[in-house]
2 protein chains.
Amino acid sequence: MYTIGQVSRLFGVPISTLRYYDKEGLFPGLERSSGIRRFGEQELEALRVIECLKRSGMEIKDIKQFMLWCSLGRETYGQRLELFRRQKAAVEAELKKLERTLDMLRFKCWYYEQALAQGGEEGLKALLPDALPEEIQGAYDRAHAGL
Amino acid sequence: MYTIGQVSRLFGVPISTLRYYDKEGLFPGLERSSGIRRFGEQELEALRVIECLKRSGMEIKDIKQFMLWCSLGRETYGQRLELFRRQKAAVEAELKKLERTLDMLRFKCWYYEQALAQGGEEGLKALLPDALPEEIQGAYDRAHAGL
DNA sequence: TCTTGACCTAAAGTCAGCTTTAGGTGTTAC
DNA sequence: GTAACACCTAAAGCTGACTTTAGGTCAAGA
C-alpha cells in the first residue's frame, strides 16, 4: 500500500493531480485509513490506464465511465473491450498523422540546411514542387498531400 | 488569391480560427483589399506549417515567433532550422510514447477478448506479470516498463 | 428596395485539466 | 512543547485555444 506522496514520486504525477483524479471518480474503490488515501496495486494499474487513455486522447469523464465499468464486474467486459478497440483505432490514426507531421519537419530541416549552405532560398524554390532530390521528395509529397 | 471562406473550406479550419490566427500574428504579410483578407500561396504554406507545428506540440505564441523570423529574411535561417530540429526531436519522442500507449491498448484488447471468451478474469490474472502467451507478453512488458 | 450572403471588428464567453490558496489535522524529531 | 512534515478539504484561479455574440459594411439578385 502506498500514500499519495509515494505514488506521486513513483509516477511523476503531482499530488494535486492525484487528488483531482480521485475527486473526479477515477479511483472508485480507493481505500482510506483515518482519512488518508491508501493506493494499492489496483490503483497503480488504474493510474497506468489513466495515463494510457489520456495519451490516446480520451477525456477525464470518459475515463471515469471506464473505471465505473471496472467496478461493475464481468457484465461490462464487452463495453470495456469496445472502448479499448476504439482508442486503439484512434491512436493508430494519430500515429499516421504524426508521421506526416514528421515528413513536414524532415522537409523543413532539409530546406533550411540547404538555405544556410547556399546563402538563400532562390535556388531552392525553383525545385518546388517536384524537382527535389529523391531523398526528400517523398517527405515533401506526403507532407503536402491533399492541399 | 483566396478569401477567408475559401481557405476555411480548403483546409477544413473554421473561419473564426483563421481570424484568430491572423489576430495573433500568424500571417505577418497578409494582404487586404478594402478591408477583406486576401490569402496567397505564402499564407497557404504558412497554414500548412501552423498545422504541422501545432501537431508537434508548439504553442501559438512560438509559432508567431517563427512566422516573424520568416518575414525577417535570411538572417534567421539558423533559428528556423534549430526550431524545426527541436520539433522533429519532440515528435520522434512523442511517437515512441504513442507506441507504448498502443502496446497497452493491444494488451487490454487481448485481455478483454480473453475475459469474454473465458467468462472471467481469474485465469487471466494468474498469468500476470510474465506467464502471458508469447504474442502478447512483449506488449505487456513494454507498456508496463519502468513502473 | 430590400434581403441575402460573405465579409469585418472588439469583446466576452467557454472548456478541459489542472493548480493554487487558505485553513486544518495528526505524527514524529528535537 | 513546538516545529517540521505529510496528509486533508473546499473553493477559487489559471491557461491556451478557440468560439460566440453583437453590431456593422458592402455587393449582387428578385
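Just the heavy atoms: all of them, side chains too, but no hydrogens, waters or symmetry mates, feed the values below.
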Exercise. Summarise how protein sits on nucleotides 10-15 of chain D as a single string, 5' to 3': B when a protein heavy atom is under 4.0 Å from the base, S for sugar-phosphate-only contact, - for no contact.
Key: ------
Self-check item: Integer-rounded Å distance: dC15(C) P and Asp62(A) CG
Solution: 16 Å
Practice problem: Only pairs at least two apart or in different chains count here, so list each salt bridge (Lys or Arg N to Asp or Glu O under 4.0 Å) that has a residue in residues 100-111 of chain B. | Solution: Glu45(A)-Lys108(B), Glu99(B)-Arg106(B), Asp103(B)-Arg106(B), Asp103(B)-Arg142(B)
Quiz item: Between atom OH in Tyr2(B) and atom P in dC7(C), what is the gap in whole Å?
Solution: 15 Å
Practice problem: Scan residues 5-20 of chain A against DNA chain D and write down, sorted by residue number, each residue with any heavy atom closer than 4.0 Å; if none is found, say none. | Solution: Gly5(A), Ile15(A), Arg19(A)
Exercise. Taking the side chain as every heavy atom from C-beta outward, state whether Pro129(B) and His144(B) have any pair of such atoms under 4.5 Å apart.
Key: no
Exercise. Could you identify which residues of residues 28-41 of chain B place a heavy atom less than 4.0 Å from some atom of DNA chain C, listed by residue number, or say none?
Key: Arg32(B), Gly35(B), Ile36(B), Arg37(B)
Quiz item: Tyr21(B) or Ile4(A): which one's nearest nucleotide on DNA chain D is closer to the 5' end?
Solution: Ile4(A)
Self-check item: Under the side chain to side chain donor-acceptor pair (under 3.5 Å) test, residues paired with Tyr21(A) that sit two or more places apart
Solution: Lys54(A)
Quiz item: Who pairs with Glu134(B) by side chain to side chain donor-acceptor pair (under 3.5 Å), at least two apart in sequence or on another chain?
Solution: none
Quiz item: Met1(A) CE to dC7(D) C1': how many Å, rounded?
Solution: 17 Å
Quiz prompt | Set of residues satisfying side-chain contact (heavy atoms from CB on, under 4.5 Å) with respect to Gln65(B), sequence neighbours excluded | solution = Leu68(B), Trp69(B)
Practice problem: Please state how far atom CG in Asp22(B) lies from atom P in dC18(D), giving the value in whole angstrom units. | Solution: 14 Å
Exercise. Apply salt bridge (Lys or Arg N to Asp or Glu O under 4.0 Å) to Glu113(A) and list each qualifying residue two or more places apart in sequence or on a separate chain.
Key: Arg85(B)
Quiz item: Taking only residues two or more places apart in sequence or in another chain, which ones pass side-chain contact (heavy atoms from CB on, under 4.5 Å) with Glu41(A)?
Solution: Leu44(A), Arg48(A)
Could you tabulate the donor-acceptor pairs under 3.5 Å formed by side-chain atoms of residues 119-126 of chain B, not counting sequence neighbours?
| unit_1 | atom_1 | unit_2 | atom_2 | d |
| --- | --- | --- | --- | --- |
| Glu121(B) | OE1 | Tyr111(B) | OH | 2.8 |
| Glu121(B) | OE2 | Tyr77(A) | OH | 3.0 |
| Glu122(B) | OE2 | Arg74(A) | NH2 | 2.8 |

Practice problem: Can you sort out the partners of Glu51(A) under side chain to side chain donor-acceptor pair (under 3.5 Å), two or more places apart, ordered by chain and number? | Solution: none
Exercise. Return the set of residues passing side chain to side chain donor-acceptor pair (under 3.5 Å) with Ser8(B) (not counting sequence neighbours), or none when no residue passes.
Key: none
Practice problem: Using a strict 4.0 Å threshold on nitrogen-to-oxygen distance, state whether Glu92(A) and Lys88(A) make a salt bridge. | Solution: yes
